[in-house]
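Each remark here refers to the structure printed beneath this line.
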Amino acid sequence: MCAARIEPRTLKGFRDYLPETMIVREQLIDTARRVFRSYGYAPIDTPAMEYLDILSGKGGEETDKQLYRFQDHGGRWVGLRFDLTVPLARFAAQHIGQLGTPLKRYHIATVWRGENTQRGRYREFMQCDFDIIGTRNIAADIEIALVIHDLLAALGLSEFTIRLNNRQVLNGFLELLGLADRSAAVLRALDKLAKVGRQQVVAEMTQTAGASPQQAEQILSLGEISGDNHQVLAQAAALLRENRQGLAGIEQLQQMILALSAAGVPQQRVRVDLSIARGLDYYTGTVYETYLDELPGIGSVCSGGRYDNLAELFTDLQLPGVGASLGLDRLLAAMEELGKVQKVSATAPVFIAFFDSQRLPDYLRLAATLRAAGIGAEVYPEPKKLGQQLKYADRRGFRVALIIGEDEFRSNRCLIKDLQQAVQHDVSLDPEAQQVIATVSQILSSGRT
RNA sequence: GUGGCUGUAGCUCAAGUGGUUAGAGCACCAGACUGUGGAUCUGGGUGUUGGGGGUUCGAGUCCCCUCAGCCACCCCA
């Protein structure tokens with residue numbers, strides 16, 4: 001009587017998250033939230049699915065290809081959100097009157113992209129976006145960089161580099177070269193400089209982007225400028241001659257560099273890189289990319305930029321903005337590879353053995369008392385042998401185990417076992433469990449892992 | 001989306017040119033141990049060899065399709 005089984009499986013690029021992974025993920029999310037809120041950002045959420053015309057045509061041709069699209073049951077063309085920025089544009093156009101500007105929001109949610117998978121590249125993944133809407137002031141651009149910095153630092157990463165550029169520098173230079181109309185293709189080629197080298201960039205610029213060999217060389221002479229940040233900017237300024245747009249971009253980068261350093265961001269973590277452009281079409285000013293120094297191959301873990309007219313397709317209101325997006329799943333993959341995630345599968349620190357089968361109510365009451373005192377506690381769900389229960393507690397990474405059997409109940413005592421130090425305390429057990437709470441708290445605060 | 005590599009137990013890997021009943025370590029489960037975890041000992045294989053089809057007397061092994069993972073391109077978090 002064996003019915004045909006359906007093979008359990010998941011779609012390409014879509015994954016299950018086991019507790020071990022999920023605990024770490026939630027920790028990352030908690031940390032991100034804390035940093036966002038510390039700068040005054042407020043959370044929002046938007047639907048996973050939107051009308052297709054809201055989503056399509058906003059990020060360029062390639063993003064349209066990767067957009068999940070289909071007809072819903074009512075025959076409407078809809079799509080799953082590709083990022084959180086386009087939904088933000090729609091959101092802002094719709095609600096900015098109510099919310100007022102500047103609007104500082106964060107948005108932690110899943111997005112979907114139908115592209116080929118690879119390590120750190122999934123079809124369903126989570127982004128943590130933070131943006132400031134409603135101001136053109138460079139202070140906002142600076143703050144975004146500060147948030148990126150604090151975010152990664154708070155996640156325990158110290159070896160990273162925030163790479164900065166400004167689309168105005170690039171656009172100004174292309175204007176100077178008479179290539180303004182081909183900027184998208186040219187910049188896409190330039191963006192690959194670090195990865196494929198100058199020869200291939202020149203090839204792509206001349207063959208597919210429509211630039212002359214001389215123009216390609218000139219663009220590279222800008223993108224290849226090296227040295228410390230101030231030297232890079234000075235040389236770029238020279239190349240830009242009198243171009244107003246380009247010089248405005250340089251000026252903005254200059255201000256950012258100075259402000260970031262004044263705000264305490266270590267010099268080596270910020271690098272002006274005039275070759276980064278970013279593929280998304282909607283950027284107009286500052287662009288950010290953040291690489292882990294130990295794992296550059298995994299790509300940028302936090303990127304973004306300024307977009308001064310993103311909402312123009314939805315409203316006549318001028319809604320300039322700047323923001324960035326932390327790729328939570330990519331970062332997690334990277335941290336795993338770097339061995340920076342500690343594996344824990346217990347979420348509560350205290351384990352209460354279900355020892356005396358007649359005393360379940362007492363165990364439950366003790367657990368409730370501990371929780372009321374802010375200490376997470378788990379009662380084992382069956383009165384198994386003590387050795388097995390302790391083995392479970394040990395494997396799951398509990399910090400302390402409480403053992404109370406018949407003898408202890410009779411004498412109102414409780415054995416508190418420190419599972420890491422392998423020491424056992426014998427304390428009195430009163431209805432408020434004061435001794436127990438005190439001892440457990442002491443153990444918990446002593447040996448933070 | 002294009003091209004390539006890979007796919008055996010929860011994990012890491014075995015199984016000469018196709019040949020009986022697919023093995024090992026670790027992990028896991030049970031017991032030794034109805035009151036004390038990491039140790040030891042004993043017992044247990046937990047698998048439709050990713051899935052489907054084909055060739056063959058016989059397929060983990062060869063062929064085709066498919067699914068998934070990885071790598072490069074593309075793009076990007």
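Keep in mind that this is a model prediction, so the values were computed, not measured. Numbered from 1 within each chain, the chains take letters A, B, ... in sequence-line order.
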Item to complete: Could you check whether A/Q66 gets within reach of a base, just the sugar-phosphate, or nothing at all, counting any heavy atom under 4.0 Å?
Response: sugar-phosphate

Discussion item. Over all strands shown, is A/A401 touching base, sugar-phosphate only, or nothing at heavy-atom distances under 4.0 angstrom?
Written reply: nothing

Worksheet item: Counting just side-chain N and O atoms, does A/S300 come under 4.0 Å of either OP1 or OP2 of B/rC76?
Response: no

Discussion item. Please classify the nucleic acid contact of A/Y392 as base, sugar-phosphate, or nothing, using heavy-atom distances under 4.0 Å.
Written reply: nothing

Worksheet item: Under a 4.0 Å N-O cut-off, is there an ion pair linking A/D308 with A/R306?
Response: yes

Item to complete: State whether A/Q388 places a side-chain N or O below 4.0 Å from either non-bridging phosphate oxygen (OP1 or OP2) of B/rG37.
Response: no

Practice prompt. Return the nucleotide paired to B/rG25: Watson-Crick means purine N1 to pyrimidine N3 with N6-O4 or O6-N4, wobble means G-U with N1-O2 and O6-N3, both under 3.5 Å.
Written response: B/rC11

Worksheet entry | Nucleotide nearest A/E115 when distance is taken to its side chain, options B/rC75, B/rC71, B/rG69 | B/rC75

Practice prompt. Find which nucleotide of RNA chain B each of A/E204 and A/L419 is nearest to by heavy atoms, and output the residue with the more 5' nucleotide.
Written response: A/L419

Worksheet item: Around atom CD of A/E217, are there more than 12 heavy atoms of other residues, nucleotides or ligands at under 6.0 Å?
Response: yes

Item to complete: Round to the nearest Å and state the distance from A/E20 atom CD to B/rC11 atom C1'.
Response: 12 Å

Worksheet item: B/rU40 pairs with which nucleotide, Watson-Crick or G-U wobble, both distances below 3.5 Å?
Response: B/rA32

Worksheet item: Is A/C128 touching bases, backbone alone, or none of the nucleic acid, heavy atoms closer than 4.0 Å?
Response: nothing

Worksheet item: What is the base-pairing partner of B/rG16, counting Watson-Crick and G-U wobble geometry with both distances under 3.5 Å?
Response: none

Discussion item. Quick check on RNA chain B: between A/L331 and A/R15, whose nearest nucleotide comes earlier from the 5' end?
Written reply: A/R15

Worksheet item: Is B/rU56 paired to anything, Watson-Crick or G-U wobble with both distances less than 3.5 Å, and if yes, which nucleotide?
Response: none

Worksheet item: Which of the following nucleotides, B/rG37, B/rU36, B/rA77, is nearest to the side chain of A/L415?
Response: B/rU36

Response to the item:
Atom CD1 of A/I162 and atom P of B/rA77 are separated, to the nearest Å, by 16 Å

Worksheet entry | Among B/rG37, B/rA77, B/rC70, the nucleotide that comes nearest once only the side chain of A/R113 is considered | B/rA77

Worksheet item: With rounding to whole Å, what would you report as the distance between B/rG3 and B/rC74 at their P atoms?
Response: 16 Å

Worksheet item: In whole Å, what separates the P atom of B/rU17 from that of B/rC71?
Response: 30 Å

Discussion item. Measuring only the C1' atom in each nucleotide, how far is B/rG19 from B/rC5? A whole number of Å is fine.
Written reply: 29 Å

Fill in: Atom-to-atom span, CG of A/D191 to C1' of B/rA77 - whole angstrom
14 Å

Worksheet, complete the sentence: Between NZ of A/K384 and P of B/rG31 the distance, given in whole Å, is 8 Å

Discussion item. Taking only side-chain N and O atoms of A/R188, does any of them lie within less than 4.0 angstrom of OP1 or OP2 on B/rC75?
Written reply: yes

Worksheet item: Among A/V202, A/T208, A/V201, whose side-chain contact (heavy atoms from CB on, under 4.5 Å) with A/M205 holds?
Response: A/V201

Item to complete: Using whole Å, report how far CZ of A/R123 lies from C1' of B/rG69.
Response: 12 Å

Worksheet item: Relative to the ring of A/F351, is the ring of A/Y392 parallel (under 30°), tilted (30 to 60°) or perpendicular (over 60°)?
Response: tilted

Worksheet item: With respect to the side chain of A/T117, which nucleotide from B/rC70, B/rG35, B/rG37 is positioned closest?
Response: B/rC70

Item to complete: For B/rG37 and B/rG31, measure between their P atoms and round to the nearest Å.
Response: 14 Å

Worksheet item: Parallel, tilted or perpendicular: which fits the ring planes of A/Y363 and A/F354, with parallel below 30° and perpendicular above 60°?
Response: perpendicular

Worksheet entry | Interatomic distance where CD1 belongs to A/I276 and P belongs to B/rC76 [whole Å] | 12 Å

Fill in: Whole-angstrom distance between B/rA24 and B/rG69, as gauged at atom C1'
25 Å

Worksheet item: Using a cut-off of 4.0 Å on non-hydrogen atoms, how would the nucleic acid contact of A/E408 be classed: base, sugar-phosphate, or nothing?
Response: base

Discussion item. Under 6.0 Å between ring centres: does that hold for A/H107 and A/F91?
Written reply: no

Item to complete: Would you classify A/R121 as touching base, sugar-phosphate or nothing, given that sugar-phosphate means primed atoms plus P, OP1 and OP2, and contacts are heavy atoms under 4.0 Å?
Response: base

Discussion item. Does the plane of the ring in A/F36 sit parallel, tilted or perpendicular to the ring in A/F130? Use 30° and 60° as the thresholds.
Written reply: tilted

Discussion item. If you only use heavy atoms from C-beta on, which nucleotide in B/rC71, B/rG35, B/rA77 is closest to the side chain of A/R330?
Written reply: B/rA77

Item to complete: Would you indicate which nucleotide in B/rA77, B/rU36, B/rG38 comes nearest to any side-chain atom of A/I403?
Response: B/rU36

Worksheet item: Among B/rG35, B/rG37, B/rC71, which is the nearest nucleotide to the side chain of A/L386?
Response: B/rG35

Worksheet item: Does A/K12 have a side-chain nitrogen or oxygen under 4.0 Å from the phosphate oxygens OP1 or OP2 of B/rG69?
Response: yes

Worksheet item: Under the 3.5 Å rule, do the base of B/rU36 and the side chain of A/Q424 count as making a donor-acceptor pair?
Response: yes

Worksheet entry | N or O in side chain of A/K192 less than 4.0 angstrom from B/rC73 OP1/OP2 | no

Item to complete: Using a heavy-atom cut-off of under 4.0 Å over every strand shown, decide if A/G304 touches base, sugar-phosphate, or nothing.
Response: nothing

Discussion item. Say we look at B/rC57 and B/rG23: how far apart would their P atoms be, to the nearest angstrom?
Written reply: 26 Å

Worksheet item: With a non-hydrogen cut-off below 4.0 angstrom, is A/D407 in contact with a base, only sugar-phosphate, or nothing?
Response: base

Worksheet entry | Stacking check A/F125 vs B/rA77 (5.5 Å / 30 deg) | yes

Item to complete: Using the C1' atom on both, measure B/rG47 against B/rG7 and round to a whole Å.
Response: 14 Å

Worksheet item: Going by modelled atom types, is there a donor-acceptor pair between the base of B/rU34 and the side chain of A/K385 at under 3.5 Å?
Response: no

Worksheet entry | Beyond-backbone contact of A/T161 with A/R163, side-chain heavy atoms, under 4.5 angstrom | yes

Worksheet item: Checking all strands, does A/L326 fall into the base, sugar-phosphate, or nothing category for heavy-atom contacts under 4.0 angstrom?
Response: nothing

Worksheet item: Is there a salt bridge (Lys or Arg N to Asp or Glu O under 4.0 Å) between A/R123 and A/E115 once you walk through the steps?
Response: CA-CA 6 Å; A/R123 290 186 169 177; A/E115 64 167 343; over 6 Å; no

Discussion item. Quick check on B/rC28: is either OP1 or OP2 less than 4.0 Å from any side-chain nitrogen or oxygen of A/R395?
Written reply: yes

Worksheet entry | Heavy-atom donor-acceptor pair, A/R9 side-chain to B/rA68 base, under 3.5 Å | no

Discussion item. From OH of A/Y283 over to C1' of B/rC76, roughly how many Å is that when rounded to an integer?
Written reply: 10 Å

Worksheet item: Just checking A/G114: base, sugar-phosphate only, or nothing, at a heavy-atom cut-off of under 4.0 Å?
Response: nothing

Worksheet item: Distance under 6.0 Å and angle within 45° of the ring axis: does A/R113 meet both against A/Y68?
Response: no

Practice prompt. Quickly work out the A/L152 CG to B/rA77 C1' distance and round it to whole Å.
Written response: 12 Å

Worksheet item: When you check the phosphate oxygens OP1 and OP2 of B/rC76, does a side-chain N or O of A/K65 lie under 4.0 Å from one of them?
Response: no

Discussion item. Measuring only the C1' atom in each nucleotide, how far is B/rC64 from B/rG25? A whole number of Å is fine.
Written reply: 36 Å

Worksheet item: Paired with B/rG1: which nucleotide, if any, by Watson-Crick or G-U wobble criteria at under 3.5 Å for both distances?
Response: B/rC73

